[in-house]
Amino acid sequence: MEISEEELNMIIERQVKRQVYEALNKRTTPKISTGWLQLRKQIDSYCHDHMSSNWRRKTSYSSVQQMFYIPMKKILDLHRIDEMSEDQVPIAQEIFKFLSAEFEKVDQQKEKELKTTANS
């Protein structure tokens, strides 16, 4: 059975189209790990909650966010925070838990100071 040049070209064209289609579909997979996306939502929620207090309104959202991002980037040796791999997420979660607990201690102390000065 012989294949004409025209048929061969059509087979090659279909094969190339299929390979291009498969390559383009691979590019749609998320580049950001799902664990990081979940942690990022927790950090976002914390930042918004943190901004709700009267005495904290002078601090910008991005400043509060960076209090978490900068240590994570440094400890995990990341250029961009969104480059975090799924394996690095547990370490980042520990950093978030530790820092948020420390920030809560500072918040409680500040609230006590405000109550003391208000009662004076």
Side-chain angles (χ1 to χ4, degrees):
M1 175 178 190
E2 283 189 33
I3 299 176
S4 70
E5 188 175 332
E6 186 178 316
E7 290 173 323
L8 183 60
N9 286 337
M10 285 178 31
I11 292 170
I12 292 171
E13 186 177 328
R14 271 189 251 139
Q15 183 69 16
V16 168
K17 284 181 179 179
R18 186 175 57 79
Q19 288 176 344
V20 168
Y21 176 79
E22 289 173 1
L24 289 174
N25 280 338
K26 285 181 184 177
R27 290 173 50 196
T28 60
T29 58
K31 295 179 182 178
I32 301 173
S33 72
T34 55
W36 166 240
L37 290 174
Q38 293 169 349
L39 180 56
R40 190 169 69 181
K41 286 180 185 177
Q42 288 178 314
I43 294 170
D44 178 66
S45 176
Y46 180 89
C47 292
H48 283 293
D49 292 345
H50 186 80
M51 300 300 295
S52 65
S53 175
N54 286 335
W55 70 270
R56 291 183 241 152
R57 289 204 174 128
K58 293 180 183 177
T59 307
S60 70
Y61 173 89
S62 63
S63 295
V64 177
Q65 183 186 54
Q66 291 304 312
M67 291 189 301
F68 295 106
Y69 284 13
I70 291 172
M72 288 177 186
K73 285 170 58 176
K74 182 68 176 165
I75 292 167
L76 298 173
D77 194 30
L78 299 171
H79 178 69
R80 292 181 53 248
I81 195 77
D82 285 340
E83 294 172 349
M84 188 181 303
S85 70
E86 204 64 46
D87 295 338
Q88 294 172 315
V89 171
I91 299 167
Q93 288 172 329
E94 289 300 315
I95 295 167
F96 171 68
K97 288 176 189 173
F98 174 78
L99 290 175
S100 59
E102 292 299 310
F103 296 149
E104 291 304 316
K105 290 177 189 175
V106 171
D107 288 350
Q108 290 171 0
Q109 182 63 33
K110 185 71 173 179
E111 293 292 334
K112 285 180 186 177
E113 290 174 11
L114 288 173
K115 287 179 183 177
T116 305
T117 56
N119 292 338
S120 298

Practice task
Mind listing the closest non-hydrogen atom pair of Glu83 and Gln88 along with its distance?
Solution key: O-OE1, 4.2 Å
Practice task
Check whether any side-chain heavy atom of Leu37 lies under 4.5 Å from a side-chain heavy atom of Lys41, and answer yes or no.
Solution key: no
Solution key, residues 64-73 side-chain donor-acceptor pairs under 3.5 Å, sequence neighbours excluded:
from	atom 1	to	atom 2	distance (Å)
Gln65	NE2	Tyr69	OH	3.3

Problem - Within 6.0 angstrom of Glu5 CD, more than 12 heavy atoms from elsewhere - result: no
Completion exercise
Glu7 and Ser4 have their tightest heavy-atom pair at OE1-N, 3.0 Å
Completion exercise
Taken in chain and number order and not counting sequence neighbours, the residues that satisfy salt bridge (charged side-chain N to carboxylate O under 4.0 Å, His left out) with Arg14 are none
Exercise for the section: Report yes if some heavy atom in the side chain of Leu39 is under 4.5 Å from a heavy atom in the side chain of Trp36; otherwise report no. Expected result: yes
Problem - Side-chain heavy atoms of Arg40 within contact of Asp82, under 4.5 Å - result: yes
Completion exercise
In this structure, OG1 of Thr116 is separated from CD of Glu111 (nearest 0.5 Å) by 11.0 Å
Handout entry: Distance, nearest 0.5 Å, that separates CD of Glu104 from CD of Glu102
Key = 10.5 Å
Handout entry: Any side-chain heavy-atom pair of Lys17 and Val20 under 4.5 Å
Key = no
Fill in the blank from the handout: dist Ile95:CD1 -> Ile75:CD1 (nearest 0.5 Å) comes out at 3.5 Å
Exercise for the section: Kindly work out whether a path of hydrophobic side-chain contacts (I/L/V/M/F/W/Y, heavy atoms less than 4.5 Å apart) joins Tyr46 to Tyr61. Expected result: no
Practice task
Of all the heavy-atom pairs spanning Ser33 and Glu86, show the shortest one and how long it is.
Solution key: CB-OE1, 3.0 Å
Practice task
Group every Ile, Leu, Val, Met, Phe, Trp and Tyr by side-chain heavy-atom contacts under 4.5 Å, then state whether Ile12 and Ile3 land in the same group.
Solution key: yes
Practice task
Kindly compute the distance separating CD1 (Ile81) from CD1 (Ile43), expressed to the nearest 0.5 Å.
Solution key: 7.0 Å
Problem - Atom CD of Glu6 with >12 non-hydrogen neighbours under 6.0 angstrom - result: no
